[in-house]
Amino acid sequence: GCDDCQLACPWNRFAPLTREADFAPRLSLDTARLVELFAWTEPEFNERLAGSAIRRIGHERWLRNIAVALGNALRSADATQAPLLRAALQTRAVHDSALVREHVAWALAQKFE
C-alpha cells in the first residue's frame, strides 16, 4: 500500500516531517494497542474515525485486519501477552460476519514460532 511505498522510498529519508495537521496521527492510533482497537464497536469506529480515510474500509474489514495482526502477534507473543491476545480474539469468535469469524479462527490457530 501507500504506506509501504513511503517507507521503502529512498528519497523519503531526505524529507522533513510535515507540520500539516491533516497528516498528524489521530486519536493516538500510532501508539494504540491492537486489543483496544479490536474492542471498538461499530458506532465507536464510525465516530472516532469520522473524517479519516481508514473509515472507508468499514468496521467489518477493520476487525478482519486487526484479527490478522493479532494472529501475527501471537506468533511472537510471550507467556503474559498470548492469553490477552487470545482473549481479545475470542470476543469476536462468534461475530455476525463470516469474514471476521474466519480471520479470528485463523488468528487463534497461530502458534509461537
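- Pairing each heavy atom of Ala107 with each of Gly71, the nearest pair is CB-CA, 3.6 Å.
- Between Ser97 atom OG and His103 atom NE2 the span is 9.5 Å, to the nearest 0.5 Å.
- Residues Glu44 and Glu47 fail the side-chain proximity criterion, which asks for heavy atoms closer than 4.5 Å.
- In this structure, CZ in Arg86 is found 14.0 Å from OG1 in Thr91, a value given to the nearest 0.5 Å.
- Side-chain contact between Val104 and Val94 is absent, with no heavy atoms from C-beta onward closer than 4.5 Å.
- Cation-pi geometry between Arg92 and Phe38 is satisfied (NZ or CZ under 6.0 Å from the ring centre, within 45° of the ring normal).
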Checklist entry - Under the side chain to side chain contact (heavy atoms under 4.5 Å, CB included) criterion, do Asn46 and His59 qualify, and how do the steps go? => result CA-CA 8 Å; Asn46 288 330; His59 187 245; 5.6 Å; no

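- Counting heavy atoms from C-beta on, the side chains of Leu37 and Trp40 come closer than 4.5 Å.
- Side chain of Asp78 to backbone of Gln81: a donor-acceptor contact under 3.5 angstrom is found.
- Annotation: side chain of Leu74 is in contact with side chain of Leu89 (closest heavy-atom distance under 4.5 Å).
- Contact of the Gln110 side chain with the Asn72 side chain is not registered, since no non-hydrogen atoms from C-beta on lie closer than 4.5 Å.
- For the pair Arg101 (side chain) and His95 (backbone), a donor-acceptor distance under 3.5 Å is present.
- One hydrophobic cluster, built from ILVMFWY side chains closer than 4.5 Å, holds both Ile54 and Val100.
- Going from atom CD of Glu36 over to atom CD1 of Ile66 covers 10.5 Å, rounded to the nearest 0.5 Å.
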Item to check | Verdict with reasoning, Leu63 to Phe45, per side chain to side chain contact (heavy atoms under 4.5 Å, CB included) | outcome: CA-CA 10 Å; Leu63 293 176; Phe45 170 84; over 6 Å; no

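- Rounding to the nearest 0.5 Å gives a distance of 11.0 Å between CG of Leu70 and CG of Asn65.
- Counting heavy atoms from C-beta on, the side chains of Leu99 and Glu60 come closer than 4.5 Å.
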